[in-house]
Amino acid sequence: MADLVIKNLHARTESAEILSGVNLTVRSGEVHALMGPNGSGKSTLSHVLMGRPGYTVTQGEITLDGANLVGLETWERANLGLFLVLQYPVEIEGVSASNIIEASQLSQNDDFDEVLRHVSQEAENLGIPLDHLDRGVNLDLSGGEKKRLETLQLVTLKPSIAVLDELDSGLDVDGLRVVSNRVERLTEEDGLGVLVITHYSRLLEELKPDFVHVFVEGKIVASGDSSLADELESDGYEKWTPSTETSVSLGGLS
Ligand code: ADP
Ligand code: MG
């Protein structure tokens, strides 16, 4: 059993505080969906969890299986079992996805043929042409193709907790189905714990959330079950955003 525990997390850039008191626990096998308006700090949360430079944690804690993550390098967090699919996956020239995947696999299994078979089988299931694995990571791939490749890394690395930042963006309908279905199976068969950031409940049809959280102005303002995702998709975030309340009350005055 793994758990990622986030307590009263505050984080800032040089110019402003962006996370203002996040509390969340993600355990093995659980799927948590995080939904919220643009600019509310969802990607910042994913970056701060993974240790991207440029953000300072000013209060609170992040632990993975009891180990304090704050202050650790990104690779150390990855070694402890944390994985992030970036909203905008980066392109890396000169290093291929197969280099990365095979190196990570060979550290756990020295049967090279078996590793190759496993990786190509998973790639085929995810609809990834093999030549995508041999070019620089994500180089010249479409948005959806990048998300498929990120998912292949998730499936082969087998982390304990994964943060998926808009895994659905850029994916076509078939891609969305195959990717979300594969991640759902990871939660069931390998006990992967997932924090998935999304705007659309469509992703959540296959990757079924146990909890849905509304994220506004740097923190979780409400939590519920999967029905909350449908409510958010049809009604938007108006009910949860303070500025809207102001305009409503001003409207009432005029
Ligand atoms: P979301 O993913 O919820 O749309 P982000 O976390 O990307 O939102 O951004 C939240 C806010 O923080 C935005 O106003 C964004 O411009 C700002 N922000 C995020 N990262 C940085 C940074 N490194 N430097 C300055 N501002 C940032
Ligand atoms: Mg974002």
Side-chain angles (χ1 to χ4, degrees), residues 4 6-24 26 31-60 62 69-74 77 82-91 138 141-144 146-151 154 161-171 175-176 179-180 183 194-204 207 209 211-224 228-229 231-233 235-244 246:
L4 174 71
I6 305 165
K7 278 192 197 156
N8 190 32
L9 182 65
H10 290 248
R12 55 174 301 124
T13 62
E14 263 182 20
S15 51
E17 178 174 272
I18 302 184
L19 301 183
S20 21
V22 182
N23 290 290
L24 179 65
V26 180
V31 177
H32 292 251
L34 194 67
M35 305 178 81
N38 296 135
S40 54
K42 305 180 299 299
S43 293
T44 300
L45 174 63
S46 73
H47 294 148
V48 169
L49 291 175
M50 207 65 218
R52 181 175 178 161
Y55 302 94
T56 310
V57 171
T58 52
Q59 263 190 74
I62 311 167
L69 295 190
V70 178
L72 296 189
E73 297 293 334
T74 296
R77 300 175 196 224
L82 191 62
F83 183 93
L84 168 64
V85 169
L86 289 165
Q87 181 174 2
Y88 304 108
V90 288
E91 299 185 355
N138 290 326
L141 298 186
S142 73
K146 288 178 184 171
K147 296 293 166 97
R148 290 179 198 241
L149 194 58
E150 297 282 309
T151 307
L154 168 64
I161 304 283
V163 181
L164 312 173
D165 193 357
E166 300 202 17
L167 180 65
D168 43 2
S169 72
L171 277 172
L176 187 58
V179 161
S180 51
V183 180
V194 170
L195 175 60
V196 59
I197 297 167
T198 184
H199 288 294
Y200 304 107
S201 55
R202 185 161 213 167
L203 172 80
L204 307 176
L207 181 55
F211 306 93
V212 174
H213 309 281
V214 188
F215 198 82
V216 176
E217 296 189 350
K219 56 175 181 287
I220 291 171
V221 295
S223 299
L228 182 55
E231 184 189 325
L232 290 169
E233 193 165 286
D235 301 349
Y237 302 108
E238 271 196 359
K239 180 167 153 188
W240 312 101
T241 44
S243 50
T244 315
T246 314

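Count residues from 1 along the sequence. Counting starts at 1 for both ligands and their atoms, following the listed order.
- The shortest N/O to N/O separation between G39 and ligand 1 falls below 3.5 Å.
- Contacts with ligand 1 closer than 4.0 Å are made by no heavy atom of F215, backbone or side chain.
- Of all protein heavy atoms, the one lying nearest to atom 17 (C) of ligand 1 is I18 CD1, 3.6 Å.
- Ring pair Y237/H199 is perpendicular by interplanar angle, where above 60° counts as perpendicular and below 30° as parallel.
- Regarding atom 20 (N) of ligand 1, its nearest protein heavy-atom neighbour is Y55 OH, 2.8 Å.
- Seen from the Mg ion (ligand 2), atom OG on S43 and atom OE1 on Q87 lie at an angle near 80° (rounded to 10 degrees).
- Counting heavy-atom neighbours within 6.0 Å of Y200 OH, excluding the residue itself, gives a total of 12 or less.
- With K42 contributing its side chain and L34 its backbone, the two residues share no donor-acceptor pair below 3.5 Å.
- In terms of polar-atom proximity, defined here as any N/O pair under 3.5 Å, S15 makes no such contact with ligand 1.
- Of the listed residues (Q87, K42, M35), the one carrying the non-hydrogen atom nearest atom 3 (O) of ligand 1 is K42.
- Remark: side-chain polar atoms of N138 are paired, donor with acceptor, to backbone N or O of V90 under 3.5 angstrom.
- Between the side chain of S201 and the main chain of L204, no donor-acceptor pair closer than 3.5 Å is present.
- Contact check on E166 versus K147 returns no salt bridge, with no Lys/Arg side-chain nitrogen under 4.0 Å from an Asp/Glu carboxylate oxygen.
- Without hydrogens or angle criteria, R148 side chain to E150 main chain gives no donor-acceptor distance under 3.5 Å.
- Counting heavy atoms under 4.0 Å from ligand 1, residue T44 touches it through both backbone and side chain.
- Which parts of ligand 1 touch N38 is read off a 4.0 Å heavy-atom cut-off, strictly below it: atoms 4 (O).
- Checked by atom type and distance alone, the side chain of S20 pairs as donor or acceptor with a backbone atom of E217 at under 3.5 Å.
- Considering both main-chain and side-chain atoms, T13 never comes within under 3.5 Å of ligand 1 through any nitrogen or oxygen pair.
- Closest protein heavy atom to atom 7 (O) of ligand 1: S43 CB, 3.6 Å.
- The protein does not reach atom 15 (C) of ligand 1 closely, with no heavy atom under 4.0 angstrom from it.
- Distances from the Mg ion (ligand 2) show that T44 has no N/O/S atom below 2.8 Å.
- A distance-only check finds a donor-acceptor pair linking the side chain of T74 to the backbone of M50 [under 3.5 Å].
- If you number the atoms of ligand 1 from 1 as listed, the ones under 4.0 Å from a heavy atom of P37 come out as 3 (O).
- Of the candidates H10, Q59, R12, H10 is the only one forming a side-chain hydrogen bond (donor to acceptor under 3.5 Å, both in side chains) with E17.
- Close to ligand 1: G41, with a non-hydrogen atom less than 4.0 angstrom away.
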